[in-house]
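Shown next, in structure tokens, is the structure this report addresses.
The model shown is predicted, which means the values in this text are computed figures rather than measured ones. We name chains A, B, ... by the order of the sequence lines, and we start the count at 1 in each one.
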There are 2 protein chains.
Amino acid sequence: MALSALFLDIFRANALLVAAGDQLVAPLGLTSARWQVLGTVAMAPAPQPVAHIARDMGLARQSVQRLVNELVEAGLVELRENPHHRRSKLVCLTDQGRQAVASIHKLQRPWVDGLATGLDSEKIAIAAEVLQTLRQRLAQSTDESSD
Amino acid sequence: MALSALFLDIFRANALLVAAGDQLVAPLGLTSARWQVLGTVAMAPAPQPVAHIARDMGLARQSVQRLVNELVEAGLVELRENPHHRRSKLVCLTDQGRQAVASIHKLQRPWVDGLATGLDSEKIAIAAEVLQTLRQRLAQSTDESSD
DNA sequence: ACCGATTTGACAGCATACTGTCAATTCAAC
DNA sequence: GTTGAATTGACAGTATGCTGTCAAATCGGT
């Protein structure tokens with residue numbers, strides 16, 4: 001079954017991507033996971049609480065919780081009072097966090113460009129389509145067992 | 001950049017696949033990772049030492065080492081003397097291990113078939129091709145930093 | 001045969017993701 | 001308004017993967 005082989009490709013690609021991401025942002029004192037959280041915070045149109053970010057990223061709430069706590073400790077994000085919920089603070093970038101995001105962008109672009117050269121954008125689109133279909137079915141079968 | 005979006009798809013597909021795999025083999029007292037190791041051992045034409053299995057799977061030697069140790073403890077594999085290397089034992093399936101592999105196969109087929117229905121096999125091939133290209137480039141840039 | 005480089009497993013430690021549980025808080029139904 | 005359900009963060013524990021280091025064993029060049 002060709003699909004089973006694709007699964008192995010996904011496993012390895014995932015591992016290599018995380019490792020490469022770690023290397024890429026290591027000079028900034030970041031890791032792949034924290035980079036992703038920071039990016040999600042930066043992309044959001046408005047500050048969000050932790051649980052909201054987790055749903056955005058498709059991760060468990062507590063995984064993001066720990067990463068955010070660590071980013072707070074590192075001074076890259078800060079928690080502001082949420083007028084709509086006393087316990088659920090809003091995650092915001094600090095000045096230092098904004099600088100980090102900017103630095104990441106400068107590193108990220110040539111890296112992605114290098115990986116993309118020679119890759120047919122149409123094929124990339126097809127790959128993304130296959131993965132998304134897969135994700136939908138897996139999310140169904142996994143059901144609401146997340147968090 | 002479409003490729004960046006594909007990365008996120010890979011991350012999520014990977015997480016969902018591992019979660020689904022865990023659920024699939026949980027009735028057998030296995031996990032996704034142990035299942036993969038067991039499968040690699042079962043597929044090998046001849047018994048291999050741990051380090052060889054790790055290279056087969058594209059994982060770090062020590063990751064596989066721990067999983068194999070746990071599988072030994074669970075009675076699914078056993079370590080036999082290696083005539084070519086005194087310390088490096090050969091990993092072999094036990095009878096219980098062979099039964100587990102057979103049970104897994106019965107579970108796996110309908111699961112994969114269900115995921116595959118309606119997915120164009122040509123698109124699957126393209127997705128695999130894209131991921132493999134990606135993997136090659138990532139492996140290059142990551143260089144020999146593994147293990 | 002010897003000596004250095006490599007491979008291998010053992011041990012220890014870290015980063016990430018998951019789960020389960022709990023109390024505080026908010027939300028919704030009535 | 002009150003009460004039960006859902007959300008949220010804190011805390012604790014597990015599984016997987018990585019790295020680094022060490023000693024034993026093998027391999028290779030001389």
Side-chain angles (χ1 to χ4, degrees), chain A residues 11-23 25-26 29-38 48-55 57-74 79-91 142-147, chain B residues 11-23 25-26 29-38 48-55 57-74 77 79-91 142 144-147:
Chain A
F11 291 147
R12 293 205 185 179
N14 178 76
L16 289 171
L17 274 176
V18 171
D22 280 344
Q23 284 195 350
V25 297
L30 284 173
T31 63
S32 191
R34 295 174 200 186
W35 164 26
Q36 283 183 58
V37 171
L38 207 60
Q48 295 174 331
V50 166
H52 202 132
I53 296 172
R55 283 191 292 266
M57 299 180 65
L59 294 183
R61 176 171 54 92
Q62 294 299 63
S63 309
V64 177
Q65 182 76 53
R66 184 174 35 72
L67 290 168
V68 165
N69 290 345
E70 289 162 357
L71 287 175
V72 168
E73 203 169 343
L79 302 178
R80 294 196 190 147
E81 293 300 325
N82 183 349
H84 301 306
H85 196 305
R86 199 185 309 172
R87 292 193 66 187
S88 180
K89 309 289 175 64
L90 298 173
V91 181
T142 308
D143 251 342
E144 301 82 11
S145 63
S146 63
D147 190 340
Chain B
F11 290 147
R12 293 205 185 178
N14 177 77
L16 289 171
L17 274 176
V18 171
D22 280 344
Q23 284 194 350
V25 297
L30 284 173
T31 63
S32 191
R34 295 176 198 185
W35 164 27
Q36 283 182 58
V37 172
L38 207 62
Q48 297 175 329
V50 165
H52 203 134
I53 297 172
R55 283 191 293 265
M57 298 180 66
L59 294 183
R61 175 172 54 92
Q62 295 298 60
S63 309
V64 177
Q65 183 75 53
R66 185 168 33 72
L67 289 169
V68 165
N69 290 345
E70 290 162 356
L71 286 174
V72 169
E73 203 169 342
V77 305
L79 302 179
R80 294 197 190 147
E81 292 300 325
N82 183 350
H84 301 307
H85 197 304
R86 199 183 309 173
R87 292 193 67 188
S88 179
K89 310 289 175 63
L90 298 173
V91 181
T142 309
E144 302 82 11
S145 64
S146 64
D147 191 344

Inset, instruction - Kindly point out which of D:dG9, D:dA25, D:dT16 is positioned nearest to the side chain of B:Arg87? - result: D:dA25

Inset, instruction - Could you tell me whether B:Val50 contacts a base, only the sugar-phosphate backbone, or nothing, with contacts defined as non-hydrogen atoms closer than 4.0 Å? - result: sugar-phosphate

Legend entry - Nearest-nucleotide pick for A:Arg61, side chain only, options being C:dT21, D:dT16, C:dA10: C:dT21

Legend entry - Side chain of B:Asn69 - closest among C:dA10, C:dT16, D:dT16: C:dA10

Inset, instruction - Counting heavy atoms from C-beta on, name the nucleotide in D:dG9, D:dC18, C:dG9 closest to the side chain of A:Pro49. - result: D:dG9

Inset, instruction - Would you kindly give the NE2-to-P distance between A:His84 and D:dT7, to the nearest whole Å? - result: 18 Å

Legend entry - Proximity to the side chain of B:Thr31 - top-ranked nucleotide from D:dA15, C:dA17, D:dG17: D:dA15

Legend entry - Nearest-angstrom distance from the residue atom NZ of A:Lys89 to C1' of D:dA10: 12 Å

Legend entry - Distance in angstrom units between B:Ile53 CD1 and C:dT7 P, rounded: 17 Å

Inset, instruction - Figure out the CG/C1' separation between B:Asn14 and C:dT16, and round it to whole Å. - result: 12 Å

Legend entry - Minimum-distance nucleotide to A:Ser63 side chain [options: C:dC18, C:dT16, C:dT8]: C:dC18

Inset, instruction - Would you mind telling me which of C:dT8, D:dA15, C:dC11 lies closest to the side-chain atoms of B:Ser88? - result: C:dT8

Inset, instruction - Find the distance between CG (B:Leu79) and CD (B:Glu81) and round it off to the nearest 0.5 Å. - result: 9.0 Å

Legend entry - Minimum-distance nucleotide to A:Arg34 side chain [options: C:dC11, C:dA15, C:dT19]: C:dA15

Inset, instruction - Assign B:Gln36 to base, sugar-phosphate, or nothing according to its heavy-atom contacts below 4.0 angstrom with the strands shown. - result: nothing

Legend entry - Whole-Å distance separating the CG atom of B:Leu71 from the C1' atom of D:dT16: 13 Å

Legend entry - Rounded distance (nearest 0.5 Å) linking atom CZ of B:Arg80 with atom CG of B:Leu90: 8.5 Å

Legend entry - Nearest listed nucleotide, side chain of B:His85, among C:dA10, D:dA25, C:dT16: D:dA25

Inset, instruction - Look only at the side chain of A:Arg12 and the backbone of B:Leu59, and say whether a donor-acceptor pair between them is shorter than 3.5 Å. - result: no

Legend entry - Evaluation steps, side chain to side chain contact (heavy atoms under 4.5 Å, CB included), between B:Glu73 and B:Asn69: CA-CA 6 Å; B:Glu73 203 169 342; B:Asn69 290 345; over 6 Å; no

Legend entry - Five-pair end axes of the helix from C:dA1-D:dT30 to C:dC30-D:dG1 and the angle they enclose, rounded to 10°: 40°

Inset, instruction - Please state how far atom CD in B:Glu70 lies from atom P in C:dC11, giving the value in whole angstrom units. - result: 14 Å

Inset, instruction - Using a cut-off of strictly less than 4.0 Å, decide whether B:Gln65 has a side-chain nitrogen or oxygen near OP1 or OP2 of C:dT8. - result: no

Legend entry - Short side-chain N/O contact from B:Arg66 to OP1 or OP2 of D:dA15, under 4.0 Å: no

Inset, instruction - Give, for atom CG of A:Asn82 and atom NE2 of A:His52, the distance between the pair rounded to the nearest 0.5 Å. - result: 11.5 Å

Inset, instruction - Round to the nearest Å and state the distance from A:Leu90 atom CG to C:dT25 atom C1'. - result: 15 Å

Inset, instruction - Would you mind reading off the distance between B:Gln62 atom CD and D:dT19 atom P, rounded to a whole angstrom? - result: 10 Å

Inset, instruction - Between B:Arg55 and A:Ser32, name the one whose nearest nucleotide on DNA chain C is closer to the 5' end. - result: B:Arg55

Inset, instruction - Give the minimum heavy-atom separation between A:Arg61 and A:Val50, together with the two atoms involved. - result: O-CG1, 4.0 Å

Legend entry - Position toward the 5' end of DNA chain C (nearest nucleotide), A:Arg86 or A:Asp22: A:Asp22

Pairs under 3.5 angstrom only: tabulate donor-acceptor contacts from the side chains of residues 29-37 of chain A to other protein residues two or more places apart or in another chain.
{"from": "A:Thr31", "atom 1": "OG1", "to": "A:Arg34", "atom 2": "N", "distance (Å)": "3.4"}
{"from": "A:Arg34", "atom 1": "NE", "to": "A:Glu70", "atom 2": "OE1", "distance (Å)": "3.4"}
{"from": "A:Arg34", "atom 1": "NH2", "to": "A:Glu70", "atom 2": "OE1", "distance (Å)": "3.1"}

